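No experiment lies behind these values; they were computed from the predicted model shown. Residue numbers start from 1 in every chain, and the chains themselves are labelled A, B, ... in the order their sequence lines are given, proteins ahead of strands.
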Amino acid sequence: MRIATWNVNSIVARLPRVLAWLESAKPDVVCLQELKCTTDAFPPEVAGLGYEVAAYGLGRWNGVAILSRAGLEDVRRGLIDEPAYENETEPRAIGATCGGVRVWSVYVPNGREPGHSHYEYKLRWLEALHTTVTAESTADRPFAVLGDFNIAPADDDVWDISLFTESTHVTEPERKALEALRGAGLRDIVPRALKYDRPYTYWDYRQLAFPNNHGMRIDLVYGNGDFAAAVGDAYVDREARKGKSPSDHAPVVVDLTP
DNA sequence: ATGCCGTACCAAGTACGA
């Protein structure tokens with residue numbers, strides 16, 4: 001089974017690229033983030049390729065989905081005790097069981113800057129993710145949280161750590177939240193890079209970040225023991241970051257052996 | 001060439017991203 005996660009930065013704007021990628025990479029299950037459309041506005045062309053779709057979006061920002069051609073059951077929208085931001089609970093998490101594998105597609109809040117109310121929201125949101133993982137990964141089945149975590153797990157996961165001294169994504173509390181997920185039994189499934197030495201998944205649109213490989217590894221796959229044991233390969237498909245109108249994120253692809 | 005920011009809102013300029 002091939003499972004992927006991809007922050008597409010608008011499913012509507014990215015639709016031609018997404019359809020072409022689905023046809024070439026042939027994933028069985030795909031976790032999407034940053035739909036930037038409502039649940040009802042999710043493009044029907046994706047189902048036309050043979051995928052069942054569970055989408056969760058409210059419009060302009062955020063939005064997550066799971067696509068599957070391996071079954072799509074027990075869909076759950078939102079986390080247990082999920083916090084709101086400015087009195088709105090945002091569509092940032094959706095879970096489903098696909099061919100016996102429980103997957104969550106998550107879009108962790110950005111945080112904006114340390115000390116900002118959005119940063120506090122990010123940390124509270126990660127606590128709710130931990131609560132949900134603790135409740136759901138106890139079952140004896142492969143389980144994984146995939147998505148845009150907006151956290152670089154280690155200094156090597158950004159191109160130049162010296163530029164991040166005042167930034168989110170690399171702070172100790174954010175990394176402690178990842179540590180807590182590992183403490184709940186999940187492992188960081190680190191993909192291989194198809195070029196250069198680091199498996200970055202995001203490159204800013206500006207300042208030639210992609211050609212210069214000024215990237216970050218912030219799109220993560222956290223799987224339980226059963227999931228990790230089944231991983232045969234994992235890679236970042238940087239080819240999807242090239243060319244006309246790409247997302248600023250590349251897909252992370254994980255191949256599970258039967 | 002992988003190439004100098006893109007998207008949704010909605011019709012001009014702003015919020016947001018990481």
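- In terms of position along DNA chain B, the nucleotide closest to A:Y196 lies nearer the 5' end than the nucleotide closest to the other residue of the pair A:F164 and A:Y196.
- With no hydrogens or angles considered, a side-chain donor-acceptor pair links A:W203 and A:N213 at under 3.5 Å.
- For B:dT14 and B:dC4, the C1' atoms lie 23 Å apart once the distance is rounded to whole Å.
- If you measure from atom CG of A:N7 to atom C1' of B:dG17, you get 9 Å, rounded to the nearest angstrom.
- The residue A:H249 sits close only to the backbone: its heavy atoms come under 4.0 Å of sugar-phosphate atoms, none of a base.
- Sorted by first then second residue, the salt bridge (Lys or Arg N to Asp or Glu O under 4.0 Å) pairs that include residues 51-63 of chain A, not counting sequence neighbours, number zero.
- Remark: the backbone N or O of A:A193 is not paired with any side-chain donor or acceptor of A:R198 at under 3.5 angstrom.
- Residues from residues 146-159 of chain A lying near DNA chain B, meaning a heavy-atom separation below 4.0 Å, are A:D148, A:N150 in numerical order.
- Using a 30° and 60° split on the angle between ring planes, A:H249 and A:Y202 fall in the tilted class, from 30° to 60°.
- Of the residues in residues 235-243 of chain A, those placing a heavy atom less than 4.0 Å from an atom of DNA chain B are A:K242, A:G243, in numerical order.
- As judged by a 4.0 angstrom heavy-atom cut-off over every strand, A:Y202 is placed among residues touching the sugar-phosphate backbone only.
- The distance from atom CZ of A:R206 to atom P of B:dC16 is 15 Å, rounded to the nearest whole Å.
- Here salt bridge (Lys or Arg N to Asp or Glu O under 4.0 Å) pairs that include residues 104-129 of chain A, with residues two or more places apart or in two chains, are A:K122-A:E174.
- The separation between A:Y85 atom OH and B:dC16 atom P is 7 Å, rounded to whole Å.
- For the pair A:D204 CG and B:dT7 C1', the computed distance is 13 Å after rounding to whole Å.
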Measure all distances between protein nitrogen or oxygen atoms and nitrogen or oxygen atoms of nucleotides 8-12 of chain B, and list the pairs falling under 3.5 Å.
residue	atom	partner	partner atom	Å
B:dA8	OP1	A:S10	OG	2.6
B:dA8	N3	A:R60	NE	3.3
B:dA8	N3	A:R60	NH2	2.8

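- The salt bridge (Lys or Arg N to Asp or Glu O under 4.0 Å) check on A:K26 picks up nothing, with sequence neighbours excluded.
- Grouped by direct or indirect side-chain proximity (heavy atoms under 4.5 Å, Ile/Leu/Val/Met/Phe/Trp/Tyr only), A:L58 sits alone.
- The side chain to side chain donor-acceptor pair (under 3.5 Å) test applied to A:R69 returns A:D28, not counting sequence neighbours.
- When hydrophobic clusters are built by joining Ile, Leu, Val, Met, Phe, Trp and Tyr residues whose side-chain heavy atoms come closer than 4.5 Å, directly or via intermediates, A:V170 is not grouped with A:L178.
- As a whole-Å value, the separation of A:K244 NZ from B:dG6 C1' is 12 Å.
- Residue A:V53 belongs to a hydrophobic cluster whose other members are A:W6, A:V8, A:I11, A:V12, A:L15, A:V18, A:L19, A:W21, A:L22, A:V30, A:L32, A:L35, A:F42, A:V46, A:L49, A:Y51, A:L67, A:L194, A:Y235, A:V253, with links defined by side-chain heavy atoms closer than 4.5 Å.
- Comparing B:dA15 with B:dA1, their P atoms sit 37 Å apart, to the nearest whole Å.
- When distances run from any side-chain atom of A:M216 to the nucleotides B:dC5, B:dG3, B:dA18, the shortest one goes to B:dA18.
- A straight line from CD of A:E90 to P of B:dG17 spans 8 Å, rounded to a whole angstrom.
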Tabulate below the donor-acceptor pairs under 3.5 Å that side-chain atoms of residues 182-190 of chain A make, not counting sequence neighbours, or state none.
residue	atom	partner	partner atom	Å
A:R182	NH1	A:Y222	OH	2.9
A:D188	OD1	A:R217	NH1	3.2
A:D188	OD2	A:R217	NH2	2.8

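- Note on A:R14: a side-chain N or O is less than 4.0 Å away from OP1 or OP2 of B:dT7.
- Residues meeting the ring pair (Phe, Tyr, Trp, His ring centres under 6.0 Å) test with A:Y56, sequence neighbours left out: none.
- Here A:Y119 lies out of heavy-atom contact (under 4.0 Å) with every strand.
- Computed from coordinates, the A:D219 CG to B:dA18 P distance equals 9 Å when rounded to whole Å.
- Nucleotides B:dA12 and B:dG17, compared at atom P, are 26 Å apart to the nearest Å.
- Note: CG (A:L208) to P (B:dC4) measures 7 Å, nearest angstrom.
- An OP1 or OP2 oxygen of B:dG17 is reached within less than 4.0 angstrom by a side-chain nitrogen or oxygen of A:R112.
- B:dT7 and B:dA11 are spaced 15 Å apart, taking the C1' atom of each and rounding to whole Å.
- When the P atom is used for both B:dC16 and B:dG3, the distance is 29 Å, rounded to whole Å.
- Applying the side chain to side chain contact (heavy atoms under 4.5 Å, CB included) rule to A:P16 yields no partners; only residues at least two apart in sequence or on another chain are considered.
- The phosphate of B:dA18 has OP1 or OP2 within less than 4.0 Å of a side-chain N or O from A:Y107.
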